[in-house]
Novice: 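Quick one: the structure is below, questions incoming.
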Amino acid sequence: MQFIHQVEPLITEREVAAVTTYLRSGGWLTEFEETKAFEKEIAAFIGVDHAVCVTSGTVGLYLALLAEGVGPGDRVIVPNYTMIATPNAVRWTGADVILVDVDPVTMCLDLDSIPKDHNAKSMCYVEINGRSGRMDTVQSWCAQAGVSLIEDACQAMGSYESGRLYGSFGDCSVFSFTPHKIITTGQGGVVVTNNERVAASVRKLKDFHRVGAGKDDHDGIGYNFKFTDIQASIGRAQLASIQGRIQRKRSIFSHYAEQLSGIPELSFLQTTADTTPWFVDVCMPSRAIRDELVFSMKERGIGVRPWYPPLNHQWPYRSAGSRFPVSEDMAFRGAWLPSSMGITSTQLDYVCSSIKDFINTVDISASSSRVREEIA
Ligand SMILES: Cc1ncc(COP(=O)(O)O)c(C=O)c1O
């Protein structure tokens, strides 16, 4: 059997046809009509007024923060468990990151752990792996505190709450289109918002701060963070099949849940019918067993990936004396199982039986840092 990657993009004939048609159309490759159409379709799908495509989710977060007026001297609340792009985007603006521990049920930012004297201007709330379940509370907390809410929905395309898709709750929200996302354009991202001023500001910032389309006058220092119409043609083809992609992610999760539930050494995070888990995430009893699992699956031709380390254990965000009990415990025990949309039932069965076999035979006491070193 071929190596089963933890995740691979799903590219179909629909995308091949879309790119071919675009390339034959005489378009100039850079962003133009195809990108405008993709932005309209994304906005309609999420249920917001504006969508602005940029070069990545990280850049989207950065421009969203700038558009919300975040800059040097400001403070932004970020969960201690997220991909490092979230706090990096804050740091790019010159603002300081306030790390906050997460809730053990969802691994999302725990509002009760925010320090009373936070003095924050914004919050980057991450619906990690499509979970949250408490956006009303997050919105009211931000409104009461006078903090703007930026949803980092990079992992949450296709997940709902109260009948609304994530990405529609924040003052502005950001999605990523990297190859392991539900929709991918290779690289890329999109900022979505109902606020016309924010959308206009992101548009200006990403296009050299031009005073208007096609004009070579500039009233500020902007960037070149533009999208391309080739990417947009792929994105449009994928968006057309979004419901199938969502269903596929959900059925992969169900397959694992059916076969692996009830094993005491392996636990799933609570997943509601509204959640579209981007990756199938499980928690092991200890870091050593998690590391042994990753190592042992690799030997069997299966890619299992450890969760992100908590941010306060990453060099740029180390802070002496700070403690984040939930993220520091759970992040080191978590693993992502193979979750490609193209994974077959036979492959899923093989992964499940390999995991069961591992759990039945692993010598837990022998799991050691040797394994961690080899994985690194
Ligand atoms: C939660 C989160 N935020 C931000 C990003 C950054 O997105 P990009 O890789 O498109 O810059 C990612 C990417 O995986 C992510 O998972």
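Computed from heavy atoms alone, side chains included, the values below leave out hydrogens, waters and symmetry copies.
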Novice: How long is the span from the CH2 atom in W92 to the CG atom in L66, to the nearest 0.5 Å?
Specialist: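 With rounding to 0.5 Å, CH2 (W92) is 10.5 Å from CG (L66).
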Novice: Heavy atoms, side chains only, cut-off 4.5 Å: are Y317 and N88 in contact?
Specialist: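 Heavy-atom side-chain distance check passes, below 4.5 Å.
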Novice: Answer yes if the side chains of K181 and T178 hold a donor-acceptor pair under 3.5 Å, and no otherwise.
Specialist: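 Per modelled atom types, K181 and T178 side chains form a pair under 3.5 Å.
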Novice: Same cluster for L239 and F227 if Ile/Leu/Val/Met/Phe/Trp/Tyr side chains link at under 4.5 Å?
Specialist: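 Yes, same cluster.
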Novice: Would you say M107 and T82 make side-chain contact, with heavy atoms under 4.5 Å?
Specialist: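 They are not in contact (no side-chain heavy atoms under 4.5 Å apart), so the answer is no.
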Novice: In this structure, would L293 and V7 fall into the same cluster of hydrophobic residues linked by side-chain contacts under 4.5 Å?
Specialist: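 In one cluster: no.
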Novice: Less than 4.5 Å apart, side chain to side chain, heavy atoms only: is that true for E196 and D49?
Specialist: no
Novice: I would like to know whether Y256 and D281 meet side chain to side chain donor-acceptor pair (under 3.5 Å); could you show each step before the answer?
Specialist: CA-CA 10 Å; Y256 281 118; D281 43 5; over 6 Å; no
Novice: Heavy-atom count around K36 NZ within 6.0 Å, excluding the residue itself: above 12?
Specialist: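 Count over threshold, so yes.
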Novice: Quick one: do K204 and D219 satisfy side chain to side chain contact (heavy atoms under 4.5 Å, CB included)? Show the steps, please.
Specialist: CA-CA 9 Å; K204 233 175 171 183; D219 55 0; 2.8 Å; yes
Novice: List the steps, then state whether side chain to side chain contact (heavy atoms under 4.5 Å, CB included) holds for T275 with F253.
Specialist: CA-CA 10 Å; T275 309; F253 189 89; over 6 Å; no
Novice: Within this structure, what is the CG-NZ distance for the pair D74 and K121, rounded to the nearest 0.5 Å?
Specialist: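 Answer rounded to 0.5 Å: 4.5 Å.
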Novice: Answer with yes or no whether the side chains of E15 and T12 bring together a donor and an acceptor at under 3.5 Å.
Specialist: yes
Novice: In this structure, which one of I114, I150, V78 forms a side-chain contact (heavy atoms from CB on, under 4.5 Å) with M123?
Specialist: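 One option only clears the test, and that one is I114.
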Novice: Shared ILVMFWY cluster between F279 and I182, side chains joined below 4.5 angstrom?
Specialist: no
Novice: Quick one: do S113 and D101 satisfy side chain to side chain donor-acceptor pair (under 3.5 Å)? Show the steps, please.
Specialist: CA-CA 6 Å; S113 297; D101 207 3; 5.4 Å; no
Novice: Nearest 0.5 Å please: distance from the CG atom of N119 over to the CZ atom of R75.
Specialist: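 Interatomic distance, N119 CG to R75 CZ, rounded to 0.5 Å: 6.0 Å.
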Novice: For a 4.5 angstrom cut-off between non-hydrogen side-chain atoms, does R300 reach D357?
Specialist: yes
Novice: If you define the side chain from C-beta out and look only at heavy atoms, does anything of H255 sit under 4.5 Å from D349?
Specialist: yes
Novice: Any side-chain to backbone donor/acceptor pair from R250 onto A273? Under 3.5 Å, distance only.
Specialist: yes
Novice: Check the side chains of S173 and E151 for a donor-acceptor pair under 3.5 angstrom, ignoring hydrogens and angles.
Specialist: yes
Novice: First locate atom CD1 of I11, then atom CE of M341, and finally report the distance between them rounded to the nearest 0.5 Å.
Specialist: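 These two atoms lie 8.5 Å from each other.
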Novice: Measuring from atom CD of Q6 to atom CD1 of I302, what distance do you get when rounded to the nearest 0.5 angstrom?
Specialist: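 If we round to the nearest 0.5 Å, Q6:CD and I302:CD1 are 12.0 Å apart.
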Novice: For N195 and D171: C-alpha separation, side-chain torsions, deciding distance, then whether side chain to side chain contact (heavy atoms under 4.5 Å, CB included) applies.
Specialist: CA-CA 7 Å; N195 185 322; D171 293 303; over 6 Å; no
Novice: Any donor and acceptor pair, going by atom type alone, linking the side chain of S354 with main-chain N or O of Y350 inside 3.5 Å?
Specialist: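 Answer holds: yes.
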Novice: Within a strict 4.5 Å, meaning less than it, do heavy atoms of the W141 and I77 side chains meet?
Specialist: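 A side-chain contact exists here, since the closest heavy-atom pair is under 4.5 Å.
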Novice: Applying the side-chain hydrogen bond (donor to acceptor under 3.5 Å, both in side chains) criterion to E31, which one of Q231, K206, K226 satisfies it?
Specialist: K206
Novice: Does the distance from a Lys or Arg side-chain N to an Asp or Glu carboxylate O, for R203 and D207, drop under 4.0 Å?
Specialist: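 The answer is no: the pair does not qualify as a salt bridge.
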Novice: For residues L111 and V126: do they belong to one hydrophobic cluster (side chain heavy atoms under 4.5 Å, members Ile, Leu, Val, Met, Phe, Trp, Tyr)?
Specialist: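 No; tracing contacts between hydrophobic side chains, which count when under 4.5 Å, never links both residues.
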Novice: List the steps, then state whether side chain to side chain contact (heavy atoms under 4.5 Å, CB included) holds for Y125 with S132.
Specialist: CA-CA 9 Å; Y125 185 88; S132 169; 2.9 Å; yes
Novice: For the residue pair S159 and R131, confirm or rule out a side-chain donor-acceptor distance under 3.5 Å.
Specialist: no
Novice: Evaluate the side-chain proximity of W307 to I128: yes if any heavy-atom separation is below 4.5 Å, no if none is.
Specialist: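 Not touching, per the 4.5 Å side-chain cut-off.
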Novice: Looking at D216 and R210, is any side-chain nitrogen of the basic one under 4.0 Å from a carboxylate oxygen of the acidic one?
Specialist: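 Salt bridge flag = yes for D216 with R210.
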Novice: Keeping the roles fixed (side chain from E39, backbone from C53), state whether a donor-acceptor pair exists under 3.5 Å.
Specialist: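 Such a contact is found between E39 side chain and C53 backbone.
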Novice: Flag yes if V294 and I343 sit in one hydrophobic cluster, no otherwise; membership is Ile, Leu, Val, Met, Phe, Trp, Tyr, and two members link when side-chain heavy atoms are under 4.5 Å apart.
Specialist: yes
Novice: Got a second to check how far R333's CZ is from D291's CG, nearest 0.5 Å?
Specialist: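 These two atoms lie 12.5 Å from each other.
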Novice: If you draw a 6.0 Å radius around CD in Q270, do more than 12 non-hydrogen atoms from other residues or ligands fall strictly inside?
Specialist: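 No, because the 6.0 Å sphere around CD of Q270 holds 12 heavy atoms or fewer from other groups.
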Novice: Taking the inter-plane angle between the rings of Y62 and F225 on a 0 to 90° scale, is it parallel (under 30°), tilted (30 to 60°) or perpendicular (over 60°)?
Specialist: perpendicular
Novice: Would you call the rings of Y81 and Y308 parallel, tilted or perpendicular if under 30° counts as parallel and over 60° as perpendicular?
Specialist: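 Because their plane-to-plane angle lies in the 30° to 60° range, the rings of Y81 and Y308 count as tilted.
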Novice: Within the structure provided, determine whether V54 and L63 are in side-chain contact (heavy-atom separation under 4.5 Å).
Specialist: yes
Novice: Once you measure the plane-to-plane angle for F38 and F177, does it fall in the parallel (<30°), tilted (30-60°) or perpendicular (>60°) bin?
Specialist: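 Rings of F38 and F177: tilted, 30 to 60°.
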Novice: Check the pair S251, S254 against side chain to side chain donor-acceptor pair (under 3.5 Å), reporting the backbone distance first and the verdict last.
Specialist: CA-CA 5 Å; S251 69; S254 305; over 6 Å; no
Novice: With side chain to side chain donor-acceptor pair (under 3.5 Å) as the test, would you mind laying out the steps for S319 and N312 before giving the verdict?
Specialist: CA-CA 6 Å; S319 44; N312 70 312; 5.5 Å; no
Novice: Do the rings of W278 and W336 sit parallel, tilted or perpendicular, given the 30° and 60° boundaries?
Specialist: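 W278 and W336: perpendicular rings.
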